[in-house]
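Please read the structure below before turning to the comments.
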Amino acid sequence: MFDHFSFTKWVTLLSGFLIIILGIVTLFWSTGAAVLLTVPIGIALVITAVVYGLLYYASTKTDLGGKGMLLAQGLICLVIGLIFLFNPRVTLMAFSVFLGICLLVYGAITVINWIFSRKVYAHKSWGRLISGAAFAAVGLFLVLSPGGATYILTSAISLLLVAGGVSLIAEYFTWSKFLK
């Protein structure tokens, strides 16, 4: 007879150890791991471009602007997918810059919102000001140093992987205690 709980418990333990190993490997070979992440995304974008191309040829002329939109989406996916596949380092730097711009804008909006909300509300929400300034500072760093930002982002991902693995192992021991 198959014991689902026992199987799940052991798969959780094994997953935890594998995720910790993946996190450690990613930490020590962060640039290689980051470059490797761009390949499946590039392949997915090229496949998506092919699907859009097939949909373009399958659509009728009566589609109101849909045929042109399918062609445009297919071409954009193809170009971006090929860039991901053939120039992954530039892709990672561009990602860092775009992420930096998003964080910079979010941080600036949060700080501006804090300034104007202080006039409306009597309490001081210093946490919002500090978090907005932190987001803006990280965003500025990502925009000004995309190469270093790639290393920092992959290092952060590897530490999150290790933490996730430790969490899974702790969950195994929690289940072991309750399922005796």
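Atom OH of Y106 sits in a sparse spot, with 12 or fewer heavy atoms from other residues, nucleotides or ligands closer than 6.0 Å.
Under the 4.5 Å side-chain criterion, counting only non-hydrogen atoms from C-beta, L13 is not in contact with L168. Looking at V111 and L129, their side chains come closer than 4.5 Å, going by heavy atoms from C-beta outward.
The minimum heavy-atom distance between I80 and L45, with the atom names listed, is CG2-CD1, 3.6 Å. Here the closest non-hydrogen pair linking G74 and A49 is O-CB, 3.2 Å. Between T48 and C77 the shortest heavy-atom distance is CG2-SG, 3.9 Å. Nearest approach of G107 to F135, heavy atoms of both residues: CA-CB, 3.8 Å. For I101 against V143, the heavy-atom pair with the smallest separation is N-CG2, 3.6 Å. Listed here is the closest heavy atom pair of S158 and G23: CB-O, 3.1 Å.
Under the 4.5 Å side-chain heavy-atom criterion for grouping Ile, Leu, Val, Met, Phe, Trp and Tyr, L99 is not connected to I83 through any hydrophobic cluster.
Taking the ring-ring contact (aromatic ring centres under 6.0 Å, His included) definition, one finds that F17 meets it with nothing, sequence neighbours left out.
Exactly one of L22, L14, I20 qualifies for a side chain to side chain contact (heavy atoms under 4.5 Å, CB included) with L18. That residue is L14.
Atoms CD1 and CH2, from I130 and W114 in turn, are 9.0 Å apart once rounded to the nearest 0.5 Å. Here the CG atom belonging to L144 is positioned 12.0 Å from the OG atom belonging to S96, to the nearest 0.5 angstrom. Between atom CG of residue L75 and atom OH of residue Y52 there is a gap of 12.0 Å, rounded to the nearest 0.5 Å. I19 contributes atom CD1, which lies 9.5 Å from atom CD1 of I169 (distance to the nearest 0.5 angstrom). Between atom OH of residue Y172 and atom OG1 of residue T12 there is a gap of 10.0 Å, rounded to the nearest 0.5 Å.
No donor-acceptor distance shorter than 3.5 angstrom exists from the side chain of S167 to the backbone of A163, with no hydrogens or angles considered.
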